[in-house]
Visitor: 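Structure below; questions to follow.
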Amino acid sequence: MRNMVLSILIDNTPGALSRVVGLFSRRGYNIDSLTVGETENMKVSRMTVAVTGDGIILDQIEKQIKKLENVIEVKELASHASVCRELILVKVAAAQEERPAINAIVEIFRAKIVDVASDTMMIELTGNQAKLNAFTKLLDGYEIKELVRTGITGLARGFLDDNGQ
């Protein structure tokens with residue numbers, strides 16, 4: 001099994017996202033992560049889809065997506081040839097005596113405290129999945145009230161050609 005991240009350019013029209021997601025559900029494929037947003041051209045959206053499977057299934061997924069109506073381009077975002085990031089927001093229970101230790105973790109990961117209340121702190125962190133997983137693992141000793149992850153988004157690096165060279 002391997003992970004694959006696809007960057008998909010689609011027409012920004014009603015039903016385009018539904019067609020791509022519908023392909024996954026009809027075929028019984030699971031989506032690990034999905035992000036969608038408008039590009040610099042408001043008529044085009046970029047979907048970043050992370051999936052896991054064996055080589056045959058992943059090749060099939062890519063081929064089937066390319067055949068869909070409204071799909072403009074499909075690229076695999078290989079780890080060596082792209083930059084992928086994810087955002088996490090974590091609300092942690094934080095008594096006064098716990099705050100210095102939580103602040104130390106925040107500083108180590110170059111995260112930001114974006115909200116403080118009398119008994120909680122909300123932390124924002126952006127990075128690759130490994131960084132976010134390591135961060136949440138260090139917070140295991142604290143009560144996590146709420147947590148949300150955006151899912152992976154990414155772009156191919158600018159200096160590489162279509163062959164990743």
Visitor: State, to 0.1 Å, how close V20 and L68 come at their nearest heavy-atom pair, and which atoms those are.
Guide: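 Looking at all heavy atoms of both residues, the closest pair is CA-CD1, 3.7 Å.
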Visitor: Got a list of side-chain donor-acceptor pairs under 3.5 Å for residues 124-131, not counting sequence neighbours?
Guide:
| from | atom 1 | to | atom 2 | distance (Å) |
| --- | --- | --- | --- | --- |
| N128 | OD1 | A130 | N | 3.2 |
| N128 | OD1 | K131 | N | 2.8 |
| K131 | NZ | F109 | O | 3.3 |

Visitor: Are V90 and L139 packed together at the side-chain level, in the sense that at least one heavy-atom pair is separated by less than 4.5 angstrom?
Guide: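 Yes, at least one pair of side-chain atoms sits under 4.5 Å.
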Visitor: Restricting to pairs with a member in residues 22-37, which pass side-chain hydrogen bond (donor to acceptor under 3.5 Å, both in side chains), not counting sequence neighbours?
Guide: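 Listed by first then second residue: R27-Q64, D32-T52.
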Visitor: Between CD1 of I152 and OG of S7, what distance do you get to the nearest 0.5 Å?
Guide: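 One finds 12.0 Å between CD1 of I152 and OG of S7.
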Visitor: Please examine the side chains of V106 and K112, heavy atoms only from C-beta on, and report whether any two atoms are closer than 4.5 Å.
Guide: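 Not touching, per the 4.5 Å side-chain cut-off.
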Visitor: Is any side-chain heavy atom of K43 less than 4.5 Å from a side-chain heavy atom of D11?
Guide: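 Side chain of K43 against side chain of D11, heavy atoms only: no contact under 4.5 Å found.
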Visitor: The criterion is side-chain hydrogen bond (donor to acceptor under 3.5 Å, both in side chains); which residues satisfy it with E146, sequence neighbours excluded?
Guide: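 Expected list: K91.
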Visitor: Do L89 and I123 make a side-chain contact, defined as non-hydrogen atoms from C-beta onward lying under 4.5 Å apart?
Guide: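 Counting from C-beta outward, L89 and I123 never come under 4.5 Å.
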Visitor: Using side chain to side chain contact (heavy atoms under 4.5 Å, CB included) as the criterion, list what pairs up with A156, not counting sequence neighbours.
Guide: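 Once residues adjacent in sequence are excluded, the partners of A156 under the side chain to side chain contact (heavy atoms under 4.5 Å, CB included) criterion are L77.
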Visitor: Please name the pair of heavy atoms, one in V71 and one in K66, separated by the smallest distance, quoted to 0.1 Å.
Guide: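 Reported closest heavy-atom pair: CG1-CA, 4.4 Å.
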Visitor: Examine distances only and state if a side-chain atom of D54 and a backbone atom of M1 form a donor-acceptor pair shorter than 3.5 Å.
Guide: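 No, the answer is negative, given that no donor and acceptor are paired below the 3.5 Å cut-off.
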Visitor: Give the other cluster members for L155, using side-chain heavy-atom distances under 4.5 Å between Ile, Leu, Val, Met, Phe, Trp and Tyr residues; answer none if it is isolated.
Guide: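 Under the 4.5 Å side-chain rule, L155 groups with nothing.
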Visitor: Just wondering, do F24 and V49 contact through their side chains at under 4.5 Å, heavy atoms?
Guide: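 Answer yes - side chains close enough.
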Visitor: Side-chain contact, heavy-atom cut-off 4.5 Å: L132 with R149?
Guide: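 L132 reaches R149 side chain to side chain.
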Visitor: Does any non-hydrogen side-chain atom of T48 lie less than 4.5 Å from one of L34?
Guide: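 Of all side-chain heavy-atom pairs linking T48 with L34, none is under 4.5 Å.
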Visitor: Walk me through whether R99 and E97 qualify under salt bridge (charged side-chain N to carboxylate O under 4.0 Å, His left out).
Guide: CA-CA 6 Å; R99 290 179 188 224; E97 61 274 5; over 6 Å; no
Visitor: Among all residues two or more places apart in sequence or in another chain, which pass the side-chain hydrogen bond (donor to acceptor under 3.5 Å, both in side chains) test with E62?
Guide: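 Per chain and number, E62 pairs via side-chain hydrogen bond (donor to acceptor under 3.5 Å, both in side chains) with no residue.
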Visitor: Could you give the distance from CD (E73) to CD1 (I10), rounded to the nearest 0.5 Å?
Guide: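 Taking CD in E73 and CD1 in I10, the distance rounds to 13.0 Å.
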Visitor: More than 12 heavy atoms of other residues, nucleotides or ligands under 6.0 Å from CZ of R2: yes or no?
Guide: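 Counting neighbours around CZ of R2, more than 12 heavy atoms of other residues, nucleotides or ligands fall under 6.0 Å, so yes.
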Visitor: So, taking the atom named CZ in R46 and the one named OG1 in T39, what distance separates them when rounded to the nearest 0.5 Å?
Guide: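 Atom-to-atom, R46:CZ and T39:OG1 are 7.0 Å apart.
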